[in-house]
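Structure first, then comments.
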2 protein chains.
Amino acid sequence: MSLRHALLGLLAEHPASGYDLLKTFETSLANVWPATQSQIYTELTRLADTGWISVTAEGPRGRKEYTLTDEGLAELRHWLTETKPQRNTRSDILLRVFFLGVLTPDQARAYLTGLADLSQQGHDDLRRLVDSVDWGDDDLSVHGRIALEYGIRFNAMRREWAEWAATQIR
Amino acid sequence: MSLRHALLGLLAEHPASGYDLLKTFETSLANVWPATQSQIYTELTRLADTGWISVTAEGPRGRKEYTLTDEGLAELRHWLTETKPQRNTRSDILLRVFFLGVLTPDQARAYLTGLADLSQQGHDDLRRLVDSVDWGDDDLSVHGRIALEYGIRFNAMRREWAEWAATQIR
DNA sequence: GTAAACATGTAACAGGTTACATGATTGT
DNA sequence: ACAATCATGTAACCTGTTACATGTTTAC
């Protein structure tokens, strides 16, 4: 389960509360590994039980600050170096392409040009984001920038593919 | 839930048994929407209960052949034209990139070049597959070819990105 | 005073995986 | 006769989503 390791990874940066982590998931990790509030709080409790993180401070409003333990860091490194990333990629978008034959050619082309537009927009949004951030050379900046570049290239690829695909219908 | 619609989509082609559909999932849909035997049989029963498919023949060994009903086809078209594809893309691969800072630069680069190799291999495999199939101009061929092209372009994009990313570490 | 933001927790449900369980038919 | 393939079904478990439930602090 990757949520576990996503939390360890974020806590490797610096200690944080469930609420802090939730905000990070809503912003920087939203497009890579979405997680809900309920899931994050539940998992933090489990991670603390396992001993990979521990509560190192308590603040107002019942705030609990978690810190990565040595065992947690070891587990994170183990996950990164020893286990293969192999989550099944399910693509709702691509699945639909298989069944476009039940639509009229016009409808099928509309689906693909819609995808092209969506990808163009995603591409532009990420481009703007890259330009608006002042990228340093710390770990977070370097890796965040690399992940963003992936998104940019991915959207560009998908736009071109969808445009080509639309020309292939009939 | 997309599995439901994947089954409707496959049955739109021609009637089939759970076993037939399972084989299709293991081959052509494996990279787009993986599904297990248990899931498929359970879902077929539910689809028949809903009235979107029906058992139109029974064969040896308890084989049941399902056929798409008019309501099922209507639902499939509705799904394709009226609902937005919006499944969250979770990427185990990309998630790891965020946390490469806890590794040594050598380890981080090794992860990225490993990804590049993986992508190159995926690219080559799909290329070979495209070349080995005699593509007709029926619906299945056209859309299967389009989906495959996506895979080829995706792998090429990812290889180039991973190679570039490796140069960005330190 | 009151709205927004901070902060956590739990229950019910849906979707997906693994494992178990069973049996019939076909080809050699 | 035996193995491979055909063929279906169910139970336990894990992950993830939605909704409910509660209370505090800060800023205006």
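Sequence lines set the chain letters: A, B, ... in the order given, protein chains first and strands last, and positions in each chain run from 1. From a predicted model like this one, the values you see are computed outputs, not experimental measurements.
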Q: Specify the separation, in whole Å, of atom CG of B:Leu47 and atom P of C:dG15.
A: 12 Å
Q | For A:Tyr66, ring-ring contact (aromatic ring centres under 6.0 Å, His included) partners two or more places apart | A | none
Q) Tell me: CD of A:Glu65 to C1' of C:dA7, nearest whole Å? A) 13 Å
Q) Do the ring planes of A:Trp79 and B:Phe99 sit parallel (below 30°), tilted (30 to 60°) or perpendicular (above 60°)? A) tilted
Q | For atom CD of A:Glu43 and atom P of D:dC14, their distance in whole Å | A | 12 Å
Q | A:Leu44 CG - D:dG16 P separation (whole Å) | A | 14 Å
Q | Spacing of A:Ile40 atom CD1 relative to D:dT17 atom P, expressed in whole Å | A | 10 Å
Q.
Please determine whether a side-chain nitrogen of the Lys or Arg among B:Arg128 and B:Asp131 lies less than 4.0 Å from a carboxylate oxygen of the Asp or Glu.
A. no
Q: Identify whether the distance between the nearest side-chain nitrogen and carboxylate oxygen of B:Arg63 and B:Asp20 falls below 4.0 Å.
A: yes
Q) Hey, does the Lys NZ or Arg CZ of A:Arg153 hover above the aromatic six-ring of B:Trp164, less than 6.0 Å from the centre and inside 45° of the axis? A) yes
Q. Looking at residues 11-23 of chain B, who's got a heavy atom less than 4.0 Å off DNA chain D?
A. B:Ser17, B:Gly18, B:Tyr19
Q. Does the distance from a Lys or Arg side-chain N to an Asp or Glu carboxylate O, for B:Arg127 and B:Asp124, drop under 4.0 Å?
A. no
Q) Which parts of nucleotides 16-26 of chain C does protein reach within less than 4.0 Å, heavy atoms only, written one letter per nucleotide 5' to 3' as B for base, S for sugar-phosphate only and - for none? A) SBBB---BBB-
Q | Spacing between A:Arg46 atom CZ and C:dG9 atom P, to the nearest angstrom | A | 15 Å
(Q) If I take atom CD in residue B:Glu58 and atom C1' in nucleotide D:dT8, what distance separates them, rounded to the nearest angstrom? (A) 12 Å
Q.
I'd like to know if A:Asp92 pairs up with A:Arg96 as an ion pair, taking the criterion as any Lys NZ or Arg NE/NH1/NH2 lying under 4.0 Å from an Asp or Glu carboxylate oxygen.
A. yes
